[in-house]
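Encoded as structure tokens, the structure appears first; notes follow it.
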Amino acid sequence: MTQEKTVADEKIVEVVASSDAPEYTPHEAPPKKWIHNLYWYDPGMPRKEKLLLFKLDTLILTYTCLASFALNLDINNVKNAYVSGMEEDLEVVGNDLNYLTIINQVPYCVFMIPGTLLLTRYRASIILPACEIGWGAFTLVCAFSKNLSQLYAFRFCVGFFGCISYAGSIYIIGSWYKKSEISRRLGLYAVSSPLGSMFSGYLQTAAYTQLDGVNGLAGWRWLFIICAIITFPVAIWGAVAIPDIPSNCHCWFLSREDIQMSLKRMAGEGVKSATPKFKWTTVKRALRGWKWYTFVLAWILLDQNEQGLTTPMSLYLKANSSRFSVAQINNIPTVVNAVSVVTTLAATWITDKTNEPFYPALFCCIMFISGNYILLAWNVSEKAKFYAWFISGTINGLQALLMTWASVMTKYDQDQRAFVVASMNCIGNFIKTGTNIGSFPTDQSPRFKNGYTWMCITGTIQTVMLPVMQYLTIRERRKDRLLVSEAQVTEAASSDVAIGLEEENYDHEKVATYK
């Protein structure tokens, strides 16, 4: 009896240990060896699991990062084309540049949630590449726009086909990686966005200087053609590389053993498979808790804060074109994106290694609002303005942190995770579309007093909101651990009863044999 009870106790200890796996719990002790923080894989991970993660990184991260890069390239090229000759060729006047952004964002927002929920039912390896070919095709035809009306129509279609890419990629990444692995992967994915914006500036500079007039096409038209040429191969790679989700995997590069290991990894995280059909209970379940409201509001504030990062700076440089060349107008704002890349990589790595997104997020917010208060003052030196624009790029680090936070807190329910992630990006972009024309109207260039006032307000609210999110996270984790403890007590009691019954049966058998 003693030996059997000891075995049962050991199993309970194992359950307790697994339930206490690293999560976003504050004030945890750091690793004994700081060098472990530099490892890409978690220390002590078996070789087979490392090989699986290598395959997943190669397949999932290459496609999602390249797709994000291509989408941001195709979206941001309008701004670069505008300051490089499109304004004069298509007679873009007043707030037409704002309207070009709005006409792209409306379908992007409207179709995002239903599009992302499709991925919980159908193969992502078909839907995502097909949509990418769609937005790439309409990016290509933008190069041959004869007037502003045609450009509006083409940009609408780019937004429609691009609606599923961002939230869909977040959903796929969250379906394959554990809580201790996801942040730095989402960090790599998040930096693809500013890299796309950076490359758009450099690409427009090259097109303007090297291709302007080639085959009778202006340099800004060549930008759209080159962006489309970059997009199509990424879509083809996606059709081959995307492994869908573990419970419905179709991928040549993953063996049956890899898929089984992935299912076991996700089961160990408590992840439930998506239901066969969409149910409104998914929405009700999300709306009953705090997570949907909190993360959606946080993302709305983030989108408000991001809308003034590069375009106002580009318009300021264009307004002073006597001192800045076309190449400088396109290249200087890319420093903001470079700051975003460095901040995102550092913040997500720290989050994965310390299991704590709160402090990196707080740093990003504080740096951002300090830059915006400088821009709100405006009557400062040009160097101070440049510093303020550059340092404001730290707010982009919050993208990966918030998506990591939301993905981890909803990881146990794939339907709810898809709904929350899509809602964040959809509602945030939709509201940004409405406020952009009021905050940063092109006709108020180069000083946007209303815009910087608004971003100081939203940035401050977001900074104050972070401790509230941290409190709710701590409370949720405590509640989960209490439920786990109660379940373990019940399991222990059941084990004792089972052992007692076995002893009783053994005694009866022994007596019968003796007789």
Taking atom types as modelled and ignoring hydrogens, do the side chains of [X] and [Y] form a donor-acceptor contact shorter than 3.5 angstrom?
| X | Y | value |
| --- | --- | --- |
| S262 | W176 | no |
| N396 | T343 | no |
| R185 | T64 | no |
| S423 | W292 | yes |
| Y202 | T334 | yes |
| T458 | N305 | yes |
| Q304 | Q462 | no |
| Y63 | E132 | yes |
| Y189 | T348 | no |

Heavy-atom count around Y293 OH within 6.0 Å, excluding the residue itself: above 12?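 Yes - once you tally the heavy atoms of other residues, nucleotides and ligands closer than 6.0 Å, there are more than 12.
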Is it the case that atom CD in E382 sees more than 12 heavy atoms from other parts of the structure closer than 6.0 Å?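 Yes, CD of E382 has more than 12 neighbouring heavy atoms, counting only those of other groups under 6.0 Å.
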Got [X] and [Y] here, is their nearest side-chain heavy-atom distance under 4.5 Å?
| X | Y | value |
| --- | --- | --- |
| L254 | C249 | yes |
| V421 | Y171 | no |
| T62 | D57 | no |
| L376 | N372 | no |
| Q105 | R155 | no |
| D258 | K55 | yes |
| F448 | M455 | no |
| I182 | S407 | yes |

Parallel, tilted or perpendicular: rings of F253 and W237 (30°, 60°):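 Plane angle between 30° and 60°, so tilted.
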Between K291 and E476, is there a side-chain N and carboxylate O pair less than 4.0 Å apart?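 Counted as a salt bridge, because a side-chain N and a carboxylate O are separated by less than 4.0 Å.
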Find out whether the Lys NZ or Arg CZ of K385 is both under 6.0 angstrom from the six-membered ring centre of W378 and within 45° of the ring's axis.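 Yes, K385 lies over the aromatic ring of W378.
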Using ring centroids (six-membered ring only for Trp), state whether [Y] and [X] fall under 6.0 Å.
| X | Y | value |
| --- | --- | --- |
| Y108 | F160 | no |
| F363 | F368 | no |
| W389 | Y316 | yes |

Got a donor-acceptor contact below 3.5 angstrom from the [X] side chain to the [Y] backbone?
| X | Y | result |
| --- | --- | --- |
| D244 | S125 | yes |
| S340 | V336 | yes |
| R123 | N248 | no |

What is the minimum heavy-atom distance between M424 and A406, and which atoms define it?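 Heavy atoms only, the tightest pair is SD-CB, 3.7 Å.
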Residues R265, E181; criterion salt bridge (charged side-chain N to carboxylate O under 4.0 Å, His left out); working and verdict: CA-CA 12 Å; R265 278 163 44 88; E181 303 162 350; 2.8 Å; yes
